[in-house]
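Numbers here simply count residues along the sequence, with the first being 1. Bear in mind the structure is a predicted one, so any value in this text is a computation, not a measurement.
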Amino acid sequence: MRTFQNIKLFAKMTVLENVMIGRHIRSRAGMMSGILRLPHSWKEEKTYANARLPCSTCLACRTFAHADALSLAFGQQRHVELARALAGEPVLLLLDEPAAGLNIQETGHLGETIRKIRDTGVTILLVEHDMSLVMDISDEICVLSFGQMIAQGKPRDIQKNAEVVRVYLGDENA
């Protein structure tokens, strides 16, 4: 019964609360201080809540900061996930299939956001099957087939690579 109540509470978290979870890795207060709600813990949390959301590119997160995160459209929820990850101030951000389930417009917006994040100096390692997104935002691409690297290079080189074309498009003439 207790677990069900916790899940229910999590589902009612706002966008800001979701993003603040990502910030806790940088917290100085510690887990026990947070559980006991010691003064320095809640002061630190209040500072996080009053601070600007970590990624200026995540406009949806700022616009809907006090909205129930589950009430947002799926694409907007992806931006909340990105903002939560960025709240921990990573140097390297691993994105595993971030465009999965998104429509073309949402994928385009996601690509713009990823580009802006990259431009802030965060290195992004992207695992993605949406080739239009990969080709649009990548500086360097590594193509794998059954765990083996078959090509590495700039997007324009990958598009022309005969082995990539053969493996992924089934072109017998390549």
Side-chain angles (χ1 to χ4, degrees), residues 10-11 13 15-27 48 51-65 67-174:
F10 181 77
M13 289 176 61
V15 168
L16 179 60
E17 290 166 339
N18 270 277
V19 174
M20 285 174 58
I21 286 173
R23 184 68 192 157
H24 281 285
I25 195 163
R26 300 283 183 196
S27 174
Y48 291 160
R52 295 188 66 175
L53 289 174
C55 176
S56 62
T57 61
C58 296
L59 295 175
C61 298
R62 285 200 311 261
T63 305
F64 301 110
D68 178 3
L70 289 178
S71 71
L72 300 179
F74 190 64
Q76 292 170 324
Q77 288 178 7
R78 285 291 163 92
H79 283 84
V80 173
E81 292 169 5
L82 280 172
R84 183 175 52 227
L86 292 170
E89 301 173 14
V91 175
L92 171 68
L93 184 62
L94 172 60
L95 300 176
D96 186 18
E97 298 285 346
L102 300 181
N103 64 36
I104 293 171
Q105 183 180 13
E106 291 169 330
T107 300
H109 188 58
L110 176 68
E112 292 170 18
T113 301
I114 292 171
R115 231 182 276 106
K116 288 177 183 176
I117 293 167
R118 178 196 62 198
D119 292 346
T120 67
V122 175
T123 300
I124 298 175
L125 177 60
L126 177 70
V127 177
E128 182 59 68
H129 288 93
D130 184 322
M131 286 301 102
S132 62
L133 175 65
V134 171
M135 294 296 171
D136 187 40
I137 67 172
S138 299
D139 295 326
E140 178 97 8
I141 298 173
C142 178
V143 182
L144 301 176
S145 177
F146 295 103
Q148 299 296 315
M149 184 170 60
I150 61 170
Q152 181 177 0
K154 302 286 181 197
R156 66 181 175 279
D157 299 331
I158 297 299
Q159 287 175 322
K160 297 175 186 175
N161 184 290
E163 183 66 7
V164 172
V165 172
R166 186 188 69 73
V167 169
Y168 284 97
L169 299 178
D171 186 359
E172 298 295 325
N173 299 322

Next item on the list: Determine whether Thr107 and Asp130 make a side-chain contact, defined as any pair of heavy atoms from C-beta on separated by less than 4.5 Å.
Entry: yes

| request: Please answer whether the main-chain N or O of Gln105 pairs with a side-chain N or O of His109 as donor and acceptor at a distance below 3.5 Å. | output: no

Interatomic distance, CD1@Ile137 vs CD@Glu112, rounded to 0.5 Å, equals 11.0 Å

Looking only at heavy atoms, the pair that brings Glu106 and Gly101 closest together is OE1-O, 4.4 Å

Closest non-hydrogen contact found for Leu133 with Gly111 is CD1-CA, 3.5 Å

Residue set satisfying salt bridge (Lys or Arg N to Asp or Glu O under 4.0 Å) with Asp136, at least two apart, ordered chain then number -> Arg115

Between Asn18 and Ala69 the two heavy atoms that sit nearest each other are ND2-CB, 3.3 Å

When rounded to the nearest 0.5 Å, the distance separating CD1 of Ile124 from CG of Asp119 is 9.0 Å

When every non-hydrogen atom of Glu128 is compared with those of Pro98, the smallest separation belongs to OE1-CD, 3.0 Å

Here the pair of heavy atoms bringing Val19 nearest to Val80 is CG2-O, 4.3 Å

Residues Leu93 and Ala85: closest non-hydrogen pair is CD1-CB, 3.7 Å

Would a 4.5 Å heavy-atom cut-off, applied to side chains only, mark Leu82 and Leu95 as touching?
yes

Might you confirm whether atom CD of Glu140 has over 12 heavy atoms from other residues, nucleotides or ligands at distances under 6.0 Å? yes

With heavy-atom distances below 4.5 Å as the criterion, would you say the side chains of Arg118 and Asp139 are in contact? yes

CZ (Phe64) and CD (Gln76) are apart, to the nearest 0.5 Å, by 4.5 Å

Can you check side chain to side chain contact (heavy atoms under 4.5 Å, CB included) on Val127 and Leu94, steps first, answer last? CA-CA 8 Å; Val127 177; Leu94 172 60; 4.3 Å; yes

With sequence neighbours left out, the residues meeting side chain to side chain contact (heavy atoms under 4.5 Å, CB included) with Met135 are Ile141, Pro155, Ile158, Gln159

Notebook entry, point to check: Does Ile104 CD1 have over 12 foreign heavy atoms under 6.0 Å away?
Noted result: no

Side-chain (Glu163) to main-chain (Ala151) donor-acceptor, under 3.5 angstrom: no

The reported gap from CD in Gln152 to CG in Asn161 (rounded to nearest 0.5 angstrom) is 11.5 Å

(Q) Check whether Arg78 reaches the backbone of Ala100 with its side chain - one donor and one acceptor, N or O, closer than 3.5 Å. (A) yes

